[in-house]
Amino acid sequence: MAADGLSISLKLPCVFSPKSRQYLAVCAQDGRLRVWNTDSKTLHQEYVPSAHLSATCTCVAWGPCRTVKEGPQRKKRKSEAAQVEEKADLLAMGTAAGTVLIYSTAKGSLHCTLDGGHSGGVNCVHWHPEDSLLYSGSDDTNIVEWDLQTGKTRSKWKADRAAVTSLCVSPDGKLLLSAGHVIKMWDLETKEVYRKFTGHSTAVTTLRFATTRPPDSNGLYFLSGAAHDRLLSVWQVREDGKDKNSVVSFTLTDEPQHVDLITSSSKEEAVRLAVVCKDGQLHLFEHFLNGPCKKPLSPSCSVQMSDTKDSPMPIPLLAAALGADPRSVLLAYGNHLQPVMENAEINTAERHVCLTRDIKTNLSLSMETTVSKVKTPIANAKSKVLIPGLPGHKAPVVSAPQGTEKRKKDAGNKEMSIAEQLGEINLDASSSQKGAPKAAASLQTDNYAVLLMQGLESKDANILNKVFQTRKAAEIKKTVARLQLPAVIPLVEELTTRLQGNPLVACMMVRWLKEVLVHHTSYLASLPDLVTQLGVLYHMIESRVKMFHKLTKLHGKLHLLTTQVAANDSRNSVSDVDYTAKLVYEEESADEEEASGDEALSSEDSDHWEEEEAMQEDEGDEEEDEDPDSRTEPKANGDEDMEHENESEEE
């Protein structure tokens, strides 16, 4: 049975033409449409939209094959008229500006432009299998039906509250599937909802009808895939309306990027499915759709590709197309700018197949046969060659010393090459170490950013080593801040590789990594596959920090022991304390105070004191004449009096 005639891709604008698979249409990151011939493996046509930079291509879909008139032809006989072959001609491209471009491969030019239907970016386009009709879904939540004969809108209706991210028309042209998060089936005659399905938790990116049976026989099936979802869900359209949940699930290794299938027309015929995931793997399925299946189905065969180096690296698959032979698959792999097409024979009896290819040899062979449109200009001696760098880069003018004037005159006003710039970095490093003043022709901070981008693109270790040897925090900060966004992920990968090396080099790389996380965190957070890209860095840092807690405890214990040992040593080294007072203060006695107070009395008081003293002397003489035995008691009394006097003096 022939493969389904309509191919569509949302995330990865890379699709084969229907039926014969003669052409491969690719919209790369530069916004150009390239049509490759799968038979000759050469570039067939290239189209550059006028607004390819501002209104990038978001989705691509081939139209149904038709009879194309190429130039003036003679009138054919009736026997020859039946042998006219239909070829793939028209190609629809949805843009982020809300327009739809129709390109004709037969003419090699733009057929028409469909605009005025959407106010937001177009997310999906799909052709009607018979009539010259095209359907498009947009961020403005509307579905537009275009008439290719008039180039105008035929019908327009609101499909959902959220953006419409995927569309698919049934093989008989009567039903239309649309999806944002919820999947709806529309009747194209009345433009009313025929069925509603649960859908996915994220935006649906893939919708395909799996069978050609009518819906009234419970035999109509379709499949859906969503962003960040590793399952392809199969839904059954039932007469009783109990079809809100999926009946079959196909397991994948990553979210689907490209889906190609061969539909089934009866229960006895299996559906063949080829799914290319975001991680670059191909999964082949074959299943008979006849009611629900509880367990998810694993692929019958998984295909990976790698190069022929000593340490093989995976080669991503871009698209795949099934052939009449179950073992034959048309593959497109490599880069979007220069894909490689190949008809591969796959042993489907094995569960896992790895194909090794020398992609450089394949690219060189295809480039030799491709007609190159790039012309090398002939430059004379007076022409000035500009070095690629940051947009709007202007280095400040610095006055050069006298020693460099002669060298500048001999240079003839030429721009500095990469080797000269690296030499200037060496001069700056040596002069800063010797304490000499900086050279006049030293590189500015934006030059470091230019060199860093050139080193990352060319993977030149010499350039990267010269840039990463910078130790000034201010220069590292400015260089990372001026770095363009496409170079952030390559820089993180390069820093991750260098962090695994010498610990001294790792200390320098941590400074660069810190500035990258400070300046470009918002950009990194917007990447959908950030976890896989930074997984190696995260696990490496986690393994190195795992012992940090134990080392901190050990550091605390050692610090406590060293402080105690130091305290004991300081106690032993202290000499005997000298208790001699440095200063003595003596208070005046009570007798001295009385004496000082008596001196202030008048002379009359002094005369009375003399008489009293004479009387006391007479009394003393009388006491001496008394019995000596009687003196014992007075002595005792005298002792008590002395004690009282001493206490009073102390007070």
Side-chain angles (χ1 to χ4, degrees), residues 311 425-438 445 448-449 452 455-456 461-483 488-525 527 529-585:
S311 56
I425 296 181
N426 287 332
L427 291 176
D428 294 345
S430 60
S431 62
S432 61
Q433 292 176 359
K434 297 179 181 179
K438 290 184 177 180
T445 306
Y448 282 108
L452 181 58
L456 292 174
N462 188 21
I463 298 177
L464 295 175
N465 291 336
K466 299 298 182 183
V467 175
F468 287 145
Q469 74 180 3
T470 305
R471 296 180 178 271
K472 296 181 180 180
E475 292 183 357
I476 296 175
K477 181 178 180 180
K478 292 181 180 179
T479 302
V480 175
R482 291 171 180 256
L483 198 65
V488 173
I489 291 297
L491 176 59
V492 173
E493 293 175 352
E494 181 67 26
L495 294 176
T496 303
T497 304
R498 292 173 178 260
L499 279 171
Q500 300 174 2
N502 192 350
L504 298 177
V505 178
C507 294
M508 294 296 301
M509 298 304 104
V510 167
R511 299 181 182 179
W512 287 87
L513 184 61
K514 176 185 175 183
E515 297 299 333
V516 171
L517 296 178
V518 169
H519 288 86
H520 301 289
T521 302
S522 58
Y523 169 70
L524 293 174
L527 298 177
D529 53 350
L530 180 65
V531 177
T532 58
Q533 291 180 347
L534 300 185
V536 178
L537 177 63
Y538 175 77
H539 290 298
M540 182 184 61
I541 294 176
E542 187 179 13
S543 62
R544 293 194 177 187
V545 180
K546 186 182 296 182
M547 300 297 296
F548 183 74
H549 184 62
K550 296 181 180 179
L551 291 175
T552 305
K553 288 184 177 180
L554 179 62
H555 178 267
K557 294 178 180 179
L558 292 176
H559 179 68
L560 181 61
L561 291 175
T562 53
T563 51
Q564 289 180 353
V565 172
N568 292 332
D569 294 341
S570 62
R571 290 176 184 175
N572 296 331
S573 61
V574 174
S575 59
D576 296 335
V577 180
D578 186 9
Y579 294 98
T580 306
K582 300 296 182 181
L583 179 64
V584 178
Y585 175 73

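One-based numbering along the sequence shown.
Taking all atoms of both residues into account, the shortest heavy-atom contact from Phe468 to Met508 is O-CE, 3.9 Å. Shortest non-hydrogen contact noted between Thr470 and Glu475 is CG2-OE1, 3.1 Å. Trp512 approaches Leu452 most closely through the heavy-atom pair CZ3-CD2, 4.2 Å.
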Could you list the donor-acceptor pairs under 3.5 angstrom formed between side-chain atoms of residues 554-566 and any protein atom two or more places apart in sequence or on another chain?
| unit_1 | atom_1 | unit_2 | atom_2 | d |
| --- | --- | --- | --- | --- |
| Thr562 | OG1 | Leu558 | O | 3.0 |
| Thr562 | OG1 | His559 | O | 2.8 |
| Thr563 | OG1 | His559 | O | 3.0 |
| Thr563 | OG1 | Leu560 | O | 2.7 |

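With sequence neighbours excluded, no residue forms a salt bridge (Lys or Arg N to Asp or Glu O under 4.0 Å) with Glu515. Take Arg511 and apply the salt bridge (Lys or Arg N to Asp or Glu O under 4.0 Å) test, not counting sequence neighbours, and it matches no residue. Shown here are the side chain to side chain contact (heavy atoms under 4.5 Å, CB included) partners of Leu527, two or more places apart in sequence or in another chain: Ile489, Tyr523, Leu524, Asp529, Leu530, Gln533.
Summarising the geometry, atom OG1 belonging to Thr497 is positioned 11.0 Å from atom CE belonging to Met509; distances are rounded to the nearest 0.5 Å. Here Leu495 contributes atom CG and Leu491 contributes atom CG; the two are 4.5 Å apart, rounded to the nearest 0.5 Å. The structure places NE2 of His519 at 11.0 Å from CG of Leu483, a figure rounded to the nearest 0.5 Å.
Identified under the salt bridge (Lys or Arg N to Asp or Glu O under 4.0 Å) test for residues 489-498, with sequence neighbours left out: Glu494-Arg498.
A side-chain contact (heavy atoms from CB on, under 4.5 Å) with Val488 is found for exactly one of Val516, Leu456, Val480, namely Val516.
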